[in-house]
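Here the structure comes first, spelled out in structure tokens, and everything after it is commentary.
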Amino acid sequence: MLRRAEACEGGWFGPGQPETVARLRADRDNLRAALDFSLSTPGEALAGLRLAGTLWFYWHACGASREGLYWLDRALAAAPEPTRERARGLWVAGLLAAATRDFPRGHRHAGEALALARALGDAAEAAHAEYVIGVIRLFGDDLPGALRHFETTVARGPVPGQHLSLVGLDQVELACALAFLGEAERAVEVCEQALALCERHDEKWVRSYVLRILALAHSVRRDWPRAERHGREALRLKLAVHDVIGIALTLDLLASIAAERGAHEHAALLLGGADRAWADIDTGRWGSHTLNSARRDSEERSASALGRDAFERAHRRGHALGLAELVGHACQEPGRPHPAEATAVPPPHDDTPVRLTRRETEVARLVAEGLANQQIADRLVIARRTAEGHVERILSKLGFSNRSQIAAWMTAQR
């Protein structure tokens, strides 16, 4: 499984990303079994840490941040030695923690990763850790600090061993900081450089972020048709790998563009969809003033134009849609599948949530705490056989094969 994950990471910045996601999704149980084995078997912890860190692109790009953080927390605790694997695991954990709004923890992990990578003389992992530190500054509303940070990393250029996805994302975040600060012309120039890098490798995921920033830059220019066109194309590419974070960010932007163009019912529907997508990440949009103020402006503009009741009805319709349907509506072709949707991999979980009973949820929480069946029975004052039955039903409902998978799933639900 480690060799397979490394092969997927090596080919990630290139064609075939949806197929890579589909392959890893099909292997989820095997990956979880390999991680659980490594982290519960003497002498195997470093392999588990290496596997969890190698999958950074899958955890981050494909809507699995919380599960990835669960495995990395376990792996980092099990393998505390100062190794390259630990440097990698720390910055990945920092990135995933930041994605779930724990910025202090994310910054701490990334700082530790940077210090360890420098001590080991590993320029690539140091550059990766620097990316995480810059992203936290950007979405923590330190826009001048983020701008200086990414100007430095982009000017330095790639370092040996640095993953090209993160080279491209350095350029994306520089352009994002420029656009947020109103420097649209410079943002477009940086995006053009990033697009050239993506096109040379026939890459789509980073390209989707470049297109989103182009949409943002053209919004600053108030060129709404061009902004909307770039935003729609970004959304189609993001759906192909189930990039929930990217979908949420892009829906917010398209809602803002729709409100500016006077398409207020469309804007309200997109905001409902964006709020639904953010619910899987962080309902507070990481506490970012920039993101939240843009969302409030869109709502106020559209609610004022439509009336609060009509706005709420459209918002509820958007909130009820699945991601593929949302992309269709955002591209103003509801009910008609886009090319990206036709080839998109199924999401890591159905849009229809698994329903556990109240008792099953209690049992799942206790399983996540590491309690054995007898301990669960004692805690809930039930028979051991009853506790075993609950665990078996939970495994069946979730399609899992072991208790570690239940623990990872519960962590993701939280």
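At least one donor-acceptor pair closer than 3.5 Å links the side chain of Q17 to the backbone N or O of W205. Judged by distance alone, with hydrogens and angles left aside, the side-chain atoms of E67 form no donor-acceptor pair with the main-chain N or O of A64 at under 3.5 Å. Not one N or O on the side chain of E369 forms a donor-acceptor pair closer than 3.5 Å with the backbone of L366. Not a single donor-acceptor pair under 3.5 Å links the side chain of R86 to the backbone N or O of T83. For S288 (side chain) and L291 (main-chain N/O), a donor-acceptor pair under 3.5 Å exists by modelled atom type. Looking only at distances, no side-chain donor or acceptor of W59 sits under 3.5 Å from a matching main-chain atom of G53. Judged purely by atom type and a 3.5 angstrom limit, E300 has no side-chain atom pairing as donor or acceptor with the backbone of D297. No donor-acceptor distance shorter than 3.5 angstrom exists from the side chain of S302 to the backbone of E299, with no hydrogens or angles considered. Remark: the backbone N or O of T290 is paired with a side-chain donor or acceptor of S293 at under 3.5 angstrom.
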E362 vs R358, test: salt bridge (Lys or Arg N to Asp or Glu O under 4.0 Å). Steps then yes/no. CA-CA 6 Å; E362 289 177 322; R358 182 176 299 178; over 6 Å; no
D280/R66 under salt bridge (Lys or Arg N to Asp or Glu O under 4.0 Å): CA gap, chis, key distance, verdict: CA-CA 10 Å; D280 289 335; R66 295 182 190 278; over 6 Å; no
Could you check R236 against E233 for salt bridge (Lys or Arg N to Asp or Glu O under 4.0 Å), going step by step and ending with a plain yes or no? CA-CA 5 Å; R236 293 186 184 106; E233 181 59 25; 3.4 Å; yes
D275 and H315: CA distance, side-chain angles, deciding distance, side chain to side chain donor-acceptor pair (under 3.5 Å) verdict: CA-CA 9 Å; D275 288 345; H315 184 278; 2.7 Å; yes
Identify all side-chain donor-acceptor contacts of residues 103-116 below 3.5 Å with residues at least two apart in sequence or on another chain.
unit_1: R105; atom_1: NH2; unit_2: D73; atom_2: OD1; d: 2.4
unit_1: R105; atom_1: NH2; unit_2: D73; atom_2: OD2; d: 2.5

Please tabulate, for side-chain N and O atoms in residues 189-200, each donor-acceptor pair with protein atoms closer than 3.5 Å (sequence neighbours left out).
unit_1: E199; atom_1: OE2; unit_2: R207; atom_2: NH1; d: 3.3

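R308 CZ: more than 12 foreign heavy atoms inside a 6.0 Å radius. Remark: R4 CZ is loosely packed, at most 12 non-hydrogen atoms of other residues, nucleotides or ligands lying under 6.0 Å away.
We find that E228 and R232 are joined by a salt bridge, their nearest charged nitrogen and carboxylate oxygen being less than 4.0 Å apart. In summary, E44 and R50 do not engage in a salt bridge, as defined by a charged side-chain N under 4.0 Å from a carboxylate O. Salt bridge absent: E265 and R313 never bring a charged side-chain N and a carboxylate O closer than 4.0 Å.
Side-chain contact between L216 and F180: present, with at least one pair of heavy atoms (C-beta onward) separated by less than 4.5 Å. Side chains of W12 and S165 form a contact here, defined as non-hydrogen atoms less than 4.5 Å apart. At least one side-chain heavy atom of V135 sits under 4.5 Å from a side-chain heavy atom of E173. Put simply, the side chain of L371 does not reach to within 4.5 Å of the side chain of V367, judged on heavy atoms. Under the 4.5 Å side-chain criterion, counting only non-hydrogen atoms from C-beta, D170 is not in contact with V167. For the pair L55 and L24, the minimum side-chain heavy-atom distance is below 4.5 Å.
For R316 and H319, the side-chain atoms include no donor-acceptor pair closer than 3.5 Å. Defined by atom type and a distance below 3.5 Å, a donor-acceptor pair is present between the side-chain atoms of D252 and W278.
Partners of P160 under the side chain to side chain contact (heavy atoms under 4.5 Å, CB included) rule, at least two apart in sequence or in another chain, do not exist in this structure. Residues passing the ring-ring contact (aromatic ring centres under 6.0 Å, His included) test with Y70: none are found, sequence neighbours excluded. Scored by the salt bridge (Lys or Arg N to Asp or Glu O under 4.0 Å) test, E203 finds no partners at all (sequence neighbours excluded). Residues satisfying the side chain to side chain contact (heavy atoms under 4.5 Å, CB included) criterion with L269, sequence neighbours excluded, are R317, L321, H329. For S304, the side chain to side chain contact (heavy atoms under 4.5 Å, CB included) test picks out no residue, with sequence neighbours left out. Not a single ring-ring contact (aromatic ring centres under 6.0 Å, His included) links H289 to another residue, sequence neighbours left out. Considering only residues two or more places apart in sequence or on other chains, R88 meets the salt bridge (Lys or Arg N to Asp or Glu O under 4.0 Å) condition with E9, E125.
Pairs engaging residues 156-166 under the salt bridge (Lys or Arg N to Asp or Glu O under 4.0 Å) rule: E130-R156 [sequence neighbours left out]. Listed by first and then second residue, the ring-ring contact (aromatic ring centres under 6.0 Å, His included) pairs involving residues 121-157 are W91-H128, F139-W286 (not counting sequence neighbours). Counting only residues at least two apart or in different chains, salt bridge (Lys or Arg N to Asp or Glu O under 4.0 Å) contacts with residues 91-103 comprise R101-D282.
W71 pairs in a side-chain contact (heavy atoms from CB on, under 4.5 Å) with only one of the listed residues (L35, L49, L76, L51), which is L35.
Taking the six-membered ring for Trp and the full ring otherwise, the centers of H218 and W224 sit at least 6.0 Å from each other.
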